[in-house]
Amino acid sequence: AESDTNIAAMEKAIAALERGMAGGFLQTPTAKVLSKLAQSSQDIVVDADRQMLVAFLSGSSEYAPQSGQITGILKQMHETMSKNLAESTATEEAAIKDHEELMAAKSKEVE
């Protein structure tokens with residue numbers, strides 16, 4: 001559920017930035033979700049990009065407006081997180097299927 005929330009937040013951010021609405025977006029709860037995600041996402045995005053994204057999301061004066069670059073970082077994070085979620089979901093579904101097959105086999109043994 002948390003992954004779905006984070007992916008949805010990135011989709012909203014990308015759409016807002018592509019429409020040129022970066023300033024208004026930074027005031028939303030979605031921006032706060034992305035800021036927390038960016039600060040904790042060492043395995044999703046390289047450090048320099050992460051620092052730039054955090055500076056942008058915090059409205060820092062260290063950030064020079066380059067929303068195209070931020071959009072690119074968000075798209076990369078979105079792609080990585082979507083792929084990771086799909087892989088995790090597939091692994092979980094396979095484990096559930098294996099468990100159900102094992103339980104069916106054990107039930108037959110007992111009968």
Side-chain angles (χ1 to χ4, degrees):
E2 183 177 347
S3 293
D4 291 331
T5 300
N6 292 338
I7 290 169
M10 276 185 265
E11 290 169 354
K12 288 179 184 178
I14 291 166
L17 291 172
E18 288 178 340
R19 289 191 310 263
M21 300 173 56
F25 170 76
L26 293 175
Q27 307 303 318
T28 66
T30 301
K32 288 179 178 55
V33 169
L34 278 183
S35 182
K36 288 179 185 176
L37 177 63
Q39 292 172 11
S40 66
S41 62
Q42 288 87 0
D43 59 332
I44 297 174
V45 66
V46 295
D47 195 47
D49 287 349
R50 187 170 50 80
Q51 289 176 358
M52 186 184 312
L53 183 57
V54 169
F56 169 75
L57 292 169
S58 68
S60 170
S61 59
E62 297 173 22
Y63 176 74
Q66 299 171 352
S67 63
Q69 206 169 6
I70 296 299
T71 303
I73 294 167
L74 289 173
K75 285 181 177 181
Q76 174 196 353
M77 288 177 67
H78 181 272
E79 181 180 313
T80 301
M81 290 184 69
S82 295
K83 180 181 168 198
N84 290 348
L85 179 60
E87 289 172 358
S88 296
T89 301
T91 300
E92 184 176 348
E93 288 172 355
I96 290 169
K97 181 181 175 193
D98 289 346
H99 175 72
E100 289 171 351
E101 290 172 357
L102 177 64
M103 293 305 293
K106 291 292 182 183
S107 294
K108 283 185 181 181
E109 281 180 20
V110 172
E111 291 174 0

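Scope of the values below: all heavy atoms of this structure, side chains included, with no hydrogens, waters or symmetry mates.
- The two residues S3 and L85 make their nearest non-hydrogen contact at CB-CD1, 4.0 Å.
- With a 4.5 Å cut-off on side-chain heavy atoms, L53 and R50 do not count as touching.
- To the nearest 0.5 Å, the span separating NZ on K75 from OG on S82 amounts to 13.0 Å.
- A single hydrophobic cluster is not seen to contain both M77 and V33; linkage of ILVMFWY side chains at heavy-atom distances under 4.5 Å, directly or through other members, places them apart.
- The environment of CD in E79 is sparse: at most 12 heavy-atom neighbours from other residues, nucleotides or ligands sit within 6.0 Å.
- A distance of 4.5 Å separates CD1 of I73 from CD1 of I70, quoted to the nearest 0.5 Å.
- Nearest approach of A13 to L74, heavy atoms of both residues: CB-CD1, 3.7 Å.
- The CD atom of Q69 lies 12.5 Å from the CG atom of L17; values are rounded to the nearest 0.5 Å.
- Within a 6.0 Å sphere centred on CD of E101, other residues, nucleotides and ligands contribute more than 12 heavy atoms.
- Distance check: L37 CG to I7 CD1 gives 9.5 Å after rounding to the nearest 0.5 Å.
- The structure places OG1 of T89 at 10.5 Å from CG of N84, a figure rounded to the nearest 0.5 Å.
- For E87, the CD atom sits in a packed shell: over 12 heavy atoms of surrounding residues, nucleotides or ligands are nearer than 6.0 Å.
- Atoms CD and NZ, on Q27 and K32 in that order, are 7.0 Å from each other to the nearest 0.5 Å.
- Residues H78 and M10 share a closest heavy-atom pair of N-SD, 3.4 Å.
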